[in-house]
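To start, the structure itself, in structure tokens.
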Amino acid sequence: MTTLSIRATAAWFGPGRLIEDAQVVCDGGTITYAGEATDIGHADRDLALDGFLMPAVADRHVHIELSNPSAVLAGGVTAVRDLAWPVERIFALADASEMPSFDGPLIKAAGPMLTAPGGYPTQDSWAPPGTGREIEGTDDATAAVEELARLGAAAIKVSLNAEAGPTPADGELSAICDAAHTADLPVTAHAQGKGQVERALGAGVDELAHTPWIRLSDEVIQTAALRLRIVSTLDILSFGHDTPEIRTALDNLRRFHVAGGSIAYGTDLGNGEIPPGIHTREAQLMVEAGLEPEEVLEAMIRAPLAPDAPADMVVLRTSPLDDLRALDDVSLVIRAGRVVAGR
Ligand SMILES: [Zn+2]
């Protein structure tokens, strides 16, 4: 294995771990040391950087084939989770992405979205045939989840988009959740339309793939904060503009955060004009929803820098804890212990 040592004038390793004159040593794709700079022998490659080192970013909601994997990686995102794409295409790409030499992020995938016959996204122009898997009955629901688990799915995505067509029945939804949990897979839901978040909560869904943009009652927010995680995807509701949808979503996420709910960074990359790589405006919207900058970073990273963690890092010119706009200026990207972008 090739060893790499990085020294940086400042670093944030993870929550509560801001370090001056920091050093991280990697052996292949794994970190073996992360702490204050120390003399611990020679690595195959030594980098000494005047910059701010932090863990690389994971985008937990993408449609990678609608974007540019190479640009995603060069922009500081070393891992993504694809939340709806045809089986034949996405799992082969996910397998290929495990190679350290892959020119893109590590890809985890849900495969197709489980939906009702004719339901979202089967009629939508962005979605190639096979992006939705139409479920017919509870046995079929169970079989679909078991097949995706065999193919290597990292999560099960279910469509509860009642504004774009029919959705799986309650029994089918419960069967999906039961089969997923038996296979140790989380269920993430696209919940859109009146009462759909409530249905997700009732069935045991683990995550909402978007911050909902119709107002949720305080009671629903309280229950949701205890039971599921929300993937932010705020900027698809605004693209930098003030809209009724972004105001309502921010209000929902603000109350969810106050109630102690867990929030993950995700952009829905592939949907509209979301740029590849770290999307600073998404991070800034999370601040508008009441998260501290450090909480935003925590929601964005793949994993804190520590021994045995993946050797995925970025170097910025200045600290994003002072101003999140620092995320716009990525000078170096390391994936699996290899410098993949920058000097
Ligand atoms: Zn999506």
Side-chain angles (χ1 to χ4, degrees), residues 57-69 71-72 77 79-87 89-91 93-94 97 104-105 107-116 119-134 148 153-165 167-168 176 180 185-193 196-197 200 205-214 228-239 243 245-246 249 252-253 263-279 281-282 285-286 299-300:
V57 168
D59 188 337
R60 292 179 169 91
H61 187 154
V62 307
H63 304 276
I64 194 69
E65 282 215 325
L66 295 174
S67 186
N68 175 348
V72 169
V77 174
V80 298
R81 199 172 52 149
D82 192 287
L83 291 187
W85 207 246
V87 161
R89 288 158 65 170
I90 196 63
F91 289 116
L93 191 62
S97 80
I107 299 166
K108 294 183 177 183
M113 213 183 300
L114 305 186
T115 188
Y120 181 78
T122 61
Q123 313 297 316
D124 283 68
S125 58
W126 67 267
T131 304
R133 158 76 158 87
E134 294 164 294
L148 290 170
I156 299 298
K157 172 91 174 274
V158 59
S159 166
L160 296 178
N161 184 349
E163 292 179 354
T167 60
I176 289 166
L185 293 174
V187 178
T188 186
H190 177 128
Q192 183 178 345
Q196 297 304 316
V197 170
V205 163
D206 304 282
E207 181 185 272
L208 300 180
H210 302 280
T211 303
W213 57 91
I214 59 173
L228 51 71
R229 178 170 85 161
I230 291 180
V231 182
S232 58
T233 73
L234 292 164
D235 195 41
I236 57 161
L237 303 173
S238 57
F239 294 108
T243 64
E245 289 80 10
I246 190 65
N252 285 333
L253 199 60
I263 299 167
Y265 165 90
T267 64
D268 204 9
L269 178 67
N271 178 348
E273 299 297 308
I274 300 294
I278 296 172
H279 188 30
R281 203 161 62 210
E282 184 70 31
L285 286 167
M286 293 168 84
M300 293 178 82

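The structure displayed is predicted, hence computed values, not measured ones. When a ligand or atom number is given, it counts from 1 through the structure's own listing order. Starting from 1, each residue takes its place in the sequence as its number.
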Checklist line | Atom name, H63 (N, O or S, nearest to the Zn ion (ligand 1)) | finding: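 The atom in question is NE2.
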Check: Under 3.5 Å, side chain of H63 to main-chain N/O of N271, donor-acceptor pair present?
Finding: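 No; zero donor-acceptor contacts below 3.5 Å.
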Notebook entry, point to check: Counting N and O atoms only, with roles assigned by atom type, does the side chain of S67 sit under 3.5 Å from a partner on the main chain of I64, one being a donor and the other an acceptor?
Noted result: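 No.
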Next item on the list: Applying side chain to side chain contact (heavy atoms under 4.5 Å, CB included) between I246 and each of L234, T211, I236, report the one that passes.
Entry: L234
Next item on the list: State which residue, out of H61, R229, R60, fulfils the side chain to side chain donor-acceptor pair (under 3.5 Å) condition with E207.
Entry: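 The passing option is R229.
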Next item on the list: Examine H190 and say whether one of its N/O/S atoms is closer to the Zn ion (ligand 1) than 2.8 Å.
Entry: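 No N, O or S atom of H190 is closer than 2.8 Å to the Zn ion (ligand 1), so no.
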Next item on the list: Could you tell me the angle subtended at the Zn ion (ligand 1) by NE2 of H61 and OD1 of D268, rounded to 10°?
Entry: 90°
